[in-house]
Each structure stands twice: as C-alpha cells, then as structure tokens.
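Written out below as structure tokens is the structure these notes cover.
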Amino acid sequence: MKYLEDMIRRYGEIEKGNILKVDSFLNHRMDPQVYKEIGKAFLRLFGDCEVTMILTIEASGIGIAAVTAQYFMVPAVFAKKSKTSNIGDDLYSAAVYSYTHRRSNTIVVSKKYLSTDDRVLIIDDFLANGQALMGLKSIVGQAGAELIGCGIVIEKGFQGGGRMLREQGIRVESLAIIDAMTENTVVFKK
Ligand code: 5GP
C-alpha cells in the first residue's frame, strides 16, 4: 500500500535491534486517516470471507482492530497479556514471547467471546518472528473456530515470521512488507 509506505519513509524511525518506530501515526499518536486507510485495505482483502470477528493482541493491535471492525461491522476482541482479576476463569490461553519487550507473556481470551461458530480475522500492527500470531492462532484453534487469515499493517519480511505462517497454509496479507532495514533506510518488497 503506497500510502502506508510513504508514511513509513517519511515518519518512521529506525532503532537498534531492527525495531521500526512508527509512533507518530500508528503506535502512540494515532492518525485517523492512516487508520481509515488500513481498515479499508483489510476490507478490500478479506471483505468477501464472511468474517464474524476480529482478534488482536493488546496493546498496539487494539486501535487498528477497532477501526477495522467498523468496516466489517463485526466485533473486535483483544487478547489480554495478563489475567486481570475481572476476566473470570473460563479462558483460552497461549504463551507468547514479546519481541519488543523481550519477555514471555501468557495471553488470554475469555471463552465467552470466541466460539466454534466464529470465522476469525487476526489483525496486528507488526509481524516479525510470528510469535504473537502463533499465540493468537493457538487460541482460535482451542475455540474450534475457523481462522480466515491474518491482516498485518507492517511485516518485517526479513525476520521470517511471515514465511513460517504462510508455510503452514495461513493466509497472511501485509499492507507493507519490509525486505531490509539499515540505520536510515527502509527497503520495501516490490
Ligand atoms: P512477533 O511476535 O511477530 O515477533 O512480533 C510482533 C509483535 O512485536 C507486534 O505485536 C509488535 O507489537 C511488536 N513488534 C515487532 N517488531 C516491531 C517493530 O519493529 N516495531 C514495533 N513498533 N513493534 C514491533
């Protein structure tokens, strides 16, 4: 998606450890035009798949999933990274290693909000090594729901998560795929 690539080129900041910061329009300050374009793009890609719910992981997936859910007119559910006291005990759970925080979390989703009848679109901001998506996929599997695919805003293609998931037969659609990153350049997949 050219619009997104232009935003990344213009406002993205490259940090140590192959981290791309897009805080000015996606991860901290949320630009409504960018969010709108993302929601519309996911609808163009998955709009004919009879999606019944959108699943993401806190925190940075939530805004993207909520806007996307408005285009699909279905609910969005986010996996929590800790078991809050009010969530109850009837939970699906999976272990996820966080690339940015360098620690493992158990993510949970209440069984009330995901069931065998659901056709699930997973949404996230970044795809790097694929740990977050693997955890979400496991939760969809535990519920006996159908995984329609994954919609990713920015895939770091050089980190292998996308390849691993596609090799498992999962449909992964990324709005921008980065082939390589140096200290001050981002190279997008053609
Ligand atoms: P994965 O589980 O695919 O290794 O990493 C995906 C998660 O890590 C995403 O949910 C995202 O929040 C975070 N992440 C991975 N790489 C980056 C990055 O370069 N920049 C930012 N802002 N987040 C990232």
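Each ligand, and each atom within it, is numbered from 1 in the order the structure gives.
Salt-bridge formation is detected for the pair Glu37/Lys40: a Lys NZ or Arg NE/NH1/NH2 atom is positioned less than 4.0 Å from an Asp or Glu carboxylate oxygen. Between Asp6 and Lys2 there is a salt bridge, since a side-chain N of the basic residue sits under 4.0 Å from a carboxylate O of the acidic one. A salt bridge links Glu155 with Arg166: the closest approach of a Lys/Arg side-chain nitrogen to an acidic carboxylate oxygen falls below 4.0 angstrom.
At a heavy-atom distance under 4.0 Å, only side-chain atoms of Lys156, from C-beta outward, approach ligand 1. Here Asn129 has heavy atoms under 4.0 Å from ligand 1 in both its backbone and its side chain.
For atom 11 (C) of ligand 1, the closest heavy atom belonging to the protein is Asp125 OD1, 3.4 Å. Protein heavy atom in closest approach to atom 20 (N) of ligand 1: Leu20 O, 2.8 Å. For atom 15 (C) of ligand 1, the closest non-hydrogen atom on the protein side is Tyr99 CD2, 3.6 Å. From the protein, the heavy atom lying nearest to atom 5 (O) of ligand 1 is Ala128 CB, 3.7 Å. Remark: minimum distance from atom 6 (C) of ligand 1 to any protein heavy atom is reached at Phe126 O, 3.5 Å.
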* Asked: Between Leu43 and Leu45, is a side chain to side chain contact (heavy atoms under 4.5 Å, CB included) present by the stated rule, with each step listed?
  -> CA-CA 5 Å; Leu43 186 68; Leu45 289 162; over 6 Å; no

* Does the salt bridge (Lys or Arg N to Asp or Glu O under 4.0 Å) test come out yes or no for Glu146 and Arg119, once each step is laid out? -> CA-CA 5 Å; Glu146 187 165 346; Arg119 295 171 59 79; 3.4 Å; yes

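The distance criterion of under 3.5 Å between nitrogen or oxygen atoms is met by Asn27 with respect to ligand 1. Backbone and side-chain nitrogen or oxygen atoms of Ala132 are examined, and one is located within less than 3.5 angstrom of a nitrogen or oxygen of ligand 1. Between Ile19 and ligand 1, a contact under 3.5 Å exists for no N or O pair. Looking at ligand 1, you'll find an N or O of Gly130 within less than 3.5 Å of one of its N or O atoms. Here's the thing with Gln131: one of its N/O atoms is less than 3.5 angstrom from an N/O atom of ligand 1.
For the pair Ile38/Ile64, a side-chain contact is recorded, criterion being any heavy-atom separation below 4.5 Å from C-beta on.
Atoms of ligand 1 lying under 4.0 Å from any heavy atom of Ser60, numbered from 1 in the order shown and given with element: 12 (O). Set against the non-hydrogen atoms of Asp124, the atoms of ligand 1 under 4.0 Å away are 9 (C), 10 (O). Contact atoms of ligand 1 toward Asn18: 19 (O) (distance under 4.0 Å to a heavy atom of the residue).
Relative to the ring axis of Phe46, Arg171 places its NZ or CZ within 45° and under 6.0 Å from the centre.
Note: Gln159 CD to Ile178 CD1 = 9.5 Å, rounded to the nearest 0.5 Å.
Gln142 and Lys111 share no donor-acceptor pair across their side chains, judged by distance under 3.5 Å alone. Looking at Lys36 and Gln33, their side chains never bring a donor and an acceptor atom within 3.5 Å of each other.
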